[in-house]
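No hydrogens, no waters, no symmetry mates; every other heavy atom, side chains included, goes into these values. First the proteins, then the strands, lettered A, B, ... as listed; each starts at 1.
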2 protein chains.
Amino acid sequence: MRFEALTIKDIAKALGLSTSTVSRALRDSYEISPETKKLVLEYAEKNNYHPNPIALSLKERRSRSIGVIVCEIANSFFSQTINGIESIAYHNGYNVIIAQSRESFDREMINLQYLTSRSIDGLIISVSTETRDFSFLKELHERGMPIVFFDRIVDEIETHKVIVDNYKSAYDATSQLVKNGYQRIAAISNAAYLSISKDRLAGYRAALDNNGIPVNENLIKHCHHGGMLLEEVEQAVNELVKAPEKPDAILTTSDKLTTGCFRVLKSKGISVPAEMGLVGFSNSDLTELLDPPLTIIKQPAFEMGEIATTLLLQLIESKRPVKEFETRVLASELITRGSTIAKKTEPQKLASL
Amino acid sequence: MRFEALTIKDIAKALGLSTSTVSRALRDSYEISPETKKLVLEYAEKNNYHPNPIALSLKERRSRSIGVIVCEIANSFFSQTINGIESIAYHNGYNVIIAQSRESFDREMINLQYLTSRSIDGLIISVSTETRDFSFLKELHERGMPIVFFDRIVDEIETHKVIVDNYKSAYDATSQLVKNGYQRIAAISNAAYLSISKDRLAGYRAALDNNGIPVNENLIKHCHHGGMLLEEVEQAVNELVKAPEKPDAILTTSDKLTTGCFRVLKSKGISVPAEMGLVGFSNSDLTELLDPPLTIIKQPAFEMGEIATTLLLQLIESKRPVKEFETRVLASELITRGSTIAKKTEPQKLASL
DNA sequence: ATCGTTACCGGGAACGATTGCGTAAATAAA
DNA sequence: TTTATTTACGCAATCGTTCCCGGTAACGAT
């Protein structure tokens, strides 16, 4: 069964005109008489003619669709970003094709191949936690594909990027933990080479440093599947609580890690925040309803999607190659709640300050 | 900046052949000599030729893309469904264009217009809670557009549908509440005319009936924006707790309503389950971590997406018009947790009645 | 020598839309 | 009356691909 649509040729035949005349009439060209225009327009309206976007794409050599690759859409941060992307894209007559890498480099490559073979006009991507080899992206970019990175960006490729101030976000969150009396603060992060891991851990380290707390590398754990597997989070937590210098708080550097870590702590009967403080990056609005409510670093995800798309459309619609690129750095929001409540066993510590 | 790709014409020119020969060589036609094939194939491989999908679409009069409309992707049930849809679609060389209605009829119409004007080959949709007028969908269907409904289906349109056993799901959940000692069970649902509202409330009513509990229409509330606005959920809860026959438990019939209702109860200081039991449809894996953990009815969302897509592809790829349609009814899963714990303070309350 | 067959390849029309160019008729200017 | 200009439309190429027609060799059979 096929869905047949009215073409410009049908209109031409029905009205005894040529296709060029019909086309021009529809586009309100000056060289068509008002009477003919009216005739064509009315006929098109009545039979609800819509220009075939595929034919237009072929002619204009652009598909008016952009590709988006994220690790998964069932993740508050990314679904909110996608909302922002869609709002701008649809507003400009573009459609959005979404693909999920599920934190796998292989799947990311497959999606990349698929999307480019589907001739997208541009790409918005937050790379997977496994991605270390950027050669394909690089080649794509060099061959002229407009690309905008967000969240997990790639330093080696010069193009527009949208991120939050990862360093400051982690710095502030860690500082707050210190202020609240936590001393042995651990961090659970994605793969070490990932941009957000590097920046957020740098902020974490700096905060400890500036507060006179030595950084203990044993308290920094990496989850190479970004928390997609609960087991890896479980292992990280296990290693932390079994360590001789058992931490009294944990900083998690991404959505999936935050809820995953909380899940593990709960299942192990480790009480939050009494036994273990917890602060993490998260955009889920359910974290507020957990027990205890989670202190989170919330990113302006919707806005990030909007900005990324605006920048991408600029690249796509630019007449000549763009040489100047910008990295937009937005502020995140630290929302303080129960999971990092001030420790009551403080007096002695305060005295020591 | 434009992304230029190798065409069949380029290959033809480079190899001194005609485009038809190249085309046939690439498609391994019998009328091309092995040597020529090898020549063409190797050249194509080396310069990584990919057929232009847009040109193919124009020729074959199909876009190999399907449209999906849900109320929002930042909703566990729908994002899981979309995962199922994508897994099947990508596997069959289709891409998926997702649009969100945000529970608004107007936005649904805009998306529908947009998607059909982008010449999709088929449509998978769960209608918004506002949608009462199906004329556009009906016309689309009559004009030959393959459509599959899931979750919120439309009875008037005869095509494939995928749902869970909504009646039984609500019946079982309500029955369990009764078994656990709850007596005045309220329900918060979407708009009354929505398929899932009708079926789930029917199950709810039947369960009360079969347990000898009279159905009190004052304890059935409808949220016309499907919980997209927290205020409407708040109002529903307010009306319930202020009612003379204040309920001791609530059944919520969709994801957004479940977490919304829990949020409102929490903010109003109404303890769950002591003061108010709560069971609802939800696919969020965070409900387990709430305080108390929520008893939920979980739908096999991923599987629903897979089935819907398989059925849609059948419709699309069928040579002749399909006349026989099926409605797949899957089983849901009732996961019992803390929010519907058996009431201990039963004797005195029963006495006071 | 002629015909039929097979193997191999090219020309060109389509798919739906846009657009540069050509041109007839009508009107204005010389 | 002749020439220039304007008005209003059609022709045909184009985008990348497929596929229906051809067409031309080479070869064997008659």
Worksheet item: Nearest of dA17(C), dT17(D), dC21(D) to any side-chain atom of Ile8(B)?
Response: dT17(D)

Worksheet item: Under 3.5 Å, is there a donor-acceptor pair linking the side chains of Asp133(A) and Ser135(A)?
Response: yes

Item to complete: Using atom CG of Asp10(B) as one end and atom C1' of dG16(D) as the other, report the distance to the nearest whole Å.
Response: 10 Å

Worksheet item: In terms of the angle between their ring planes, are Phe150(B) and Phe78(B) parallel, tilted or perpendicular, with boundaries placed at 30° and 60°?
Response: perpendicular

Worksheet item: In residues 14-21 of chain B, which ones come under 4.0 Å of DNA chain C, going by heavy atoms?
Response: Gly16(B), Leu17(B), Ser18(B), Ser20(B), Thr21(B)

Worksheet entry | Salt-bridge present (Glu142(B), Lys138(B); N to O < 4.0 Å) | no

Worksheet item: Does any donor-acceptor pair link the side chain of Arg61(A) with the base of dG16(D) at a separation under 3.5 Å?
Response: no

Worksheet item: In whole angstrom, what separates Tyr30(A)'s OH from dG20(C)'s C1'?
Response: 11 Å

Fill in: Interatomic distance, Ile32(B) CD1 vs dT18(D) P [rounded to whole Å]
12 Å

Practice prompt. Verify the contact: side-chain N or O of Lys37(A) to OP1 or OP2 of dA8(D), cut-off strictly under 4.0 Å; return yes or no.
Written response: no

Practice prompt. Tell me which nucleotide among dC9(C), dC15(D), dA14(C) gets nearest to the side chain of Thr36(B).
Written response: dC9(C)

Worksheet entry | Candidate nucleotides dT18(D), dC9(D), dT19(C), ranked by approach to the side chain of Ser33(A) - the nearest | dC9(D)

Practice prompt. Send over the distance from Tyr49(A) OH to dG16(C) C1', rounded to a whole Å.
Written response: 7 Å

Worksheet item: Among side-chain atoms of Ser33(B) and Thr36(B), is any donor-acceptor pair under 3.5 angstrom?
Response: yes

Discussion item. Without decimals, in angstroms, what is the distance between Leu56(A) CG and dT19(C) C1'?
Written reply: 13 Å

Practice prompt. Report the relative orientation of the aromatic rings in Tyr114(A) and Tyr90(B); use parallel for angles under 30°, tilted for 30 to 60°, perpendicular for over 60°.
Written response: tilted

Worksheet item: Between atom CG in Leu58(B) and atom C1' in dC15(D), what is the gap in whole Å?
Response: 9 Å

Worksheet item: Taking atom C1' of dG16(D) as reference, at what distance in whole Å does atom CG of Asn52(B) sit?
Response: 6 Å

Worksheet item: Any side-chain N or O of Lys9(A) less than 4.0 Å from the OP1 or OP2 oxygen of dA14(C)?
Response: no

Discussion item. Using a 4.0 Å heavy-atom cut-off, does Arg24(A) contact any base of the nucleic acid, only the sugar-phosphate backbone, or nothing at all?
Written reply: base

Practice prompt. Assess whether side chain to side chain contact (heavy atoms under 4.5 Å, CB included) is satisfied between Ile147(A) and Ile157(A), documenting all intermediate values.
Written response: CA-CA 9 Å; Ile147(A) 301 179; Ile157(A) 300 179; 5.5 Å; no

Worksheet entry | Asn111(B)/Gln100(B) under side-chain hydrogen bond (donor to acceptor under 3.5 Å, both in side chains): CA gap, chis, key distance, verdict | CA-CA 8 Å; Asn111(B) 284 326; Gln100(B) 307 183 70; over 6 Å; no

Response to the item:
Between Glu31(A) and Lys59(A), whichever has its closest DNA chain D nucleotide further toward 5' is Glu31(A)

Practice prompt. In whole angstrom, give the distance that lies between atom NZ of Lys13(B) and atom C1' of dG10(C).
Written response: 16 Å

